[in-house]
Protein chains: 2
Amino acid sequence: MRAPAARRSYRQYCAIAYGLDFIGERWALLIVRELLLGPKRFKDLFEALPGIASNLLTQRLRDLELAGVVERAVLPPPAGIAVYKLTSLGEELEPVVRAISRWGSHFVTREPRKDESIPPNAYMFALRSTFRPEEAAGLARTFEVQLGERVFGVHIEEGRCTTWEGLPDNPDISITTDVRTFSGLLWHRLKPRQSLARGKLVISGDPADLDLFVRVFTHRLSAGPGQT
Amino acid sequence: MRAPAARRSYRQYCAIAYGLDFIGERWALLIVRELLLGPKRFKDLFEALPGIASNLLTQRLRDLELAGVVERAVLPPPAGIAVYKLTSLGEELEPVVRAISRWGSHFVTREPRKDESIPPNAYMFALRSTFRPEEAAGLARTFEVQLGERVFGVHIEEGRCTTWEGLPDNPDISITTDVRTFSGLLWHRLKPRQSLARGKLVISGDPADLDLFVRVFTHRLSAGPGQT
DNA sequence: CGGCATCCATTTTGATACTG
DNA sequence: CAGTATCAAAATGGATGCCG
């Protein structure tokens with residue numbers, strides 16, 4: 001951690017302005033969104049953020065590193081690769097990203113446009129916000145979600161929900177589909193049993209667990225201006 | 001409300017990216033911060049945001065208006081002046097601003113620098129986050145806070161807190177001070193009775209209500225990564 | 001004045017090419 | 001793969017001008 005990005009600070013003695021000095025620059029919070037699902041390599045970040053220039057990604061990662069939000073780490077052998085991960089200060093940005101996600105969901109009112117990318121991580125992260133503890137009361141489940149090439153883990157237990165990118169241990173059910181279908185399920189555009197029947201979605205496990213997943217994670221439409 | 005600022009969108013089908021398309025541009029959330037305390041004229045906004053160019057403020061207000069976050073209004077006579085105010089969609093940004101404020105408070109660890117402005121609205125807004133309902137249980141109070149030229153109202157009742165810029169009705173106590181002292185009180189750098197004794201702060205009302213104010217609104221240091 | 005619009009120097013960004 | 005280097009386009013900031 002160090003003084004605000006001297007490059008271009010708002011120069012206001014105010015927690016909001018200070019925060020924005022660090023994570024208000026273009027792309028910064030989308031990088032954080034990606035890292036909230038776990039450590040990522042440069043390449044993964046680059047591909048998850050179509051439109052960013054590689055030099056700009058480099059610069060943002062440097063800025064965030066200097067800010068104490070991100071750090072470089074080397075995964076234990078045999079992986080042994082260098083990755084970027086959030087520090088604990090960076091993890092504390094989760095409420096910020098969730099609040100923006102909740103507000104931004106007002107604008108998710110139509111099908112994706114052709115020129116838009118559909119970032120899987122965004123959906124897996126959104127699950128943390130749309131999770132309804134009351135629907136999952138007393139239940140413990142681990143889900144494996146395969147979206148295209150990528151695998152995610154979702155675990156719910158005791159009214160809590162964690163999500164991450166990577167293989168889960170002993171999932172109760174594995175759900176394989178494409179991001180469009182997955183997004184459709186979460187936004188009420190598609191129904192799980194229909195998608196199953198149409199082959200847009202494949203599961204290994206109990207279909208009732210798929211229904212549970214959708215029930216627990218589907219978006220509340222026209223949600224009020226509450227917290228989170 | 002309309003499609004994301006076509007000018008420069010992230011083009012991701014994702015609530016976070018959509019949100020940032022609207023309020024991720026430089027200055028946008030600081031404008032929202034100002035308006036969260038009530039309608040403001042162009043001039044008030046311009047003066048509250050030192051460093052912004054007037055044309056850029058114009059453009060941001062246009063963008064926010066097109067986004068459905070801000071609208072122009074004319075105050076009822078005799079004022080009859082044109083102001084900018086938040087729409088209900090704009091009001092819903094309060095959790096976003098609060099989350100950033102909470103995170104950014106990690107960096108408020110020193111005295112203000114000479115080149116920093118100290119925006120009164122930021123502190124009055126912060127009260128909404130630092131408010132501790134448990135300390136105010138069963139109490140109802142209205143405070144008038146005079147910071148330099150500006151007057152603010154703070155009302156607490158039934159575990160709720162509202163703040164605004166402007167004269168409150170029948171305040172229980174009026175607190176007059178400068179922004180530095182006020183900030184010092186909220187951040188534990190100063191004690192209310194000492195500031196009173198030193199003449200940095202003047203009240204009309206019961207000094208016990210000043211103590212109450214500080215107890216109810218003072219910042220929790222090293223707060224965990226909780227919600228809000 | 002208040003509320004912008006215009007002009008212009010400086011930064012930032014985006015796109016592409018290149019390197020260890 | 002993980003970045004640098006380069007360069008054109010766009011955004012920003014500062015000053016100044018206009019107009020009721």
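Here is the naming used below: chain letters follow the sequence lines, and residue numbers restart at 1 for every chain.
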For atom [atom1] of [X] and atom [atom2] of [N], their distance in whole Å:
{"X": "B/Gln59", "N": "C/dC4", "atom1": "CD", "atom2": "P", "value": "13 Å"}
{"X": "B/Arg11", "N": "C/dT13", "atom1": "CZ", "atom2": "C1'", "value": "15 Å"}
{"X": "A/Ile81", "N": "D/dC1", "atom1": "CD1", "atom2": "P", "value": "11 Å"}
{"X": "B/Arg26", "N": "C/dT11", "atom1": "CZ", "atom2": "P", "value": "13 Å"}
{"X": "A/Trp27", "N": "C/dT12", "atom1": "CH2", "atom2": "C1'", "value": "14 Å"}
{"X": "B/Leu61", "N": "C/dA5", "atom1": "CG", "atom2": "P", "value": "11 Å"}
{"X": "A/Arg72", "N": "D/dA2", "atom1": "CZ", "atom2": "P", "value": "11 Å"}

Reckon B/Arg60 has a side-chain N or O less than 4.0 Å from the OP1 or OP2 of D/dT12?
->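 True: B/Arg60 side-chain N/O within range (under 4.0 Å) of D/dT12 OP1/OP2.
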
Can you check whether A/Tyr10 has a side-chain N or O nearer than 4.0 Å to OP1 or OP2 of D/dT12?
->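 Negative; the distance criterion is not met.
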
Give a yes or no on whether the backbone of A/Val69 and the side-chain of A/Thr87 come within a donor-acceptor separation of less than 3.5 Å.
->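 At least one qualifying donor-acceptor pair exists.
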
Do side-chain atoms of A/Ser9 reach the backbone of A/Arg11 as a donor and acceptor pair under 3.5 angstrom?
->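 Yes, the answer is positive, given that a donor and an acceptor are paired below the 3.5 Å cut-off.
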
Closest non-hydrogen atom pair between [X] and [Y], with its separation:
{"X": "B/Met124", "Y": "B/Leu37", "result": "CB-CD2, 3.4 Å"}
{"X": "A/Gln12", "Y": "B/Ala48", "result": "NE2-O, 3.1 Å"}
{"X": "B/Thr109", "Y": "B/His106", "result": "CG2-O, 3.2 Å"}

Does anything in residues 30-57 of chain A reach DNA chain D, meaning a heavy atom under 4.0 Å, and if so which residues?
->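 The stretch gives A/Arg41, A/Phe42, A/Lys43, A/Ser54, A/Asn55 as the residues lying under 4.0 Å from the strand, ordered by number.
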
Ring centroid separation B/Phe22 to B/Tyr18 under 6.0 Å |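 Not close enough - the centres of the two rings lie 6.0 Å or further apart.
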
